[in-house]
Amino acid sequence: MEVLAGFISGFVMGMAFIGLGSLMLISLWSRHPIMGVLVRGWIAERRSLVTLVVPLASFIILGWGSLGALMGLFYYLAVELVPGGGLGSPNLKFTLAVAIFAAMLTGALFLIQRRARWESLALLLSFAGIFGWFLPWLAS
């Protein structure tokens with residue numbers, strides 16, 4: 001049950017990633033016009049945006065779903081090894097681990113970008129919320 005809940009959570013995360021990732025690309029193109037020209041030229045060579053977007057979106061959703069299934073397995077192990085709820089989650093240790101991991105990614109993002117975009121922060125918050133709280137509630 002936990003692995004299925006993880007896959008569903010990964011699917012939801014994949015949808016968030018596609019939405020926020022699209023906004024990040026639009027923002028990148030507006031800040032760096034040469035990037036937009038290069039990408040538009042690359043897409044134009046392929047004759048159809050659909051032939052690019054559909055496989056890419058499928059790969060993203062299946063990739064996040066697979067990661068979610070793995071997170072579901074980690075949640076199962078957390079429930080078996082260190083049970084106990086807290087912070088609005090059925091398993092406090094798992095939720096804390098996911099939140100700390102998201103915080104570490106946020107710190108790395110600030111080091112790399114010097115200034116995090118709101119889309120990046122929203123993506124990391126989505127990661128923490130979906131895998132840290134949504135997955136445990138869905139599994140239980």
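Remember, it's a predicted structure, so these values are computed and weren't measured experimentally.
The CG atom of Leu67 sits 11.5 Å away from atom CZ of Phe7, with the distance rounded to the nearest 0.5 Å. In this structure, the separation between CD on Glu2 and CG on Leu135 is 8.5 Å, given to the nearest 0.5 Å.
Val82 is not listed as a side-chain neighbour of Phe94, based on a closest heavy-atom distance of 4.5 Å or more. Contact of the Lys93 side chain with the Leu81 side chain is not registered, since no non-hydrogen atoms from C-beta on lie closer than 4.5 Å. Considering only heavy atoms from C-beta on, Val98 stays 4.5 Å or farther from Phe74 through its side chain. Proximity of Ile61 to Met15: side-chain heavy atoms (C-beta onward) are separated by under 4.5 Å at one or more points.
In terms of heavy atoms, Ala128 sits closest to Ala102 at CB-CB, 3.9 Å. The two atoms that bring Ser126 and Leu20 nearest to each other are OG-CD1, 4.2 Å, heavy atoms only. The two residues Thr95 and Ser89 come nearest to each other via the heavy atoms OG1-OG, 2.6 Å.
Taking hydrophobic clusters as Ile, Leu, Val, Met, Phe, Trp and Tyr residues chained together by side-chain heavy-atom distances below 4.5 Å, Leu92 does not share a cluster with Phe131.
Within 6.0 Å of the CZ atom in Phe134, the count of heavy atoms belonging to other residues, nucleotides or ligands exceeds 12.
The side-chain contact (heavy atoms from CB on, under 4.5 Å) test applied to Leu4 returns Ile8, not counting sequence neighbours.
Trp133 places a side-chain N or O within donor-acceptor distance of the main-chain N or O of Leu87, the cut-off being under 3.5 Å.
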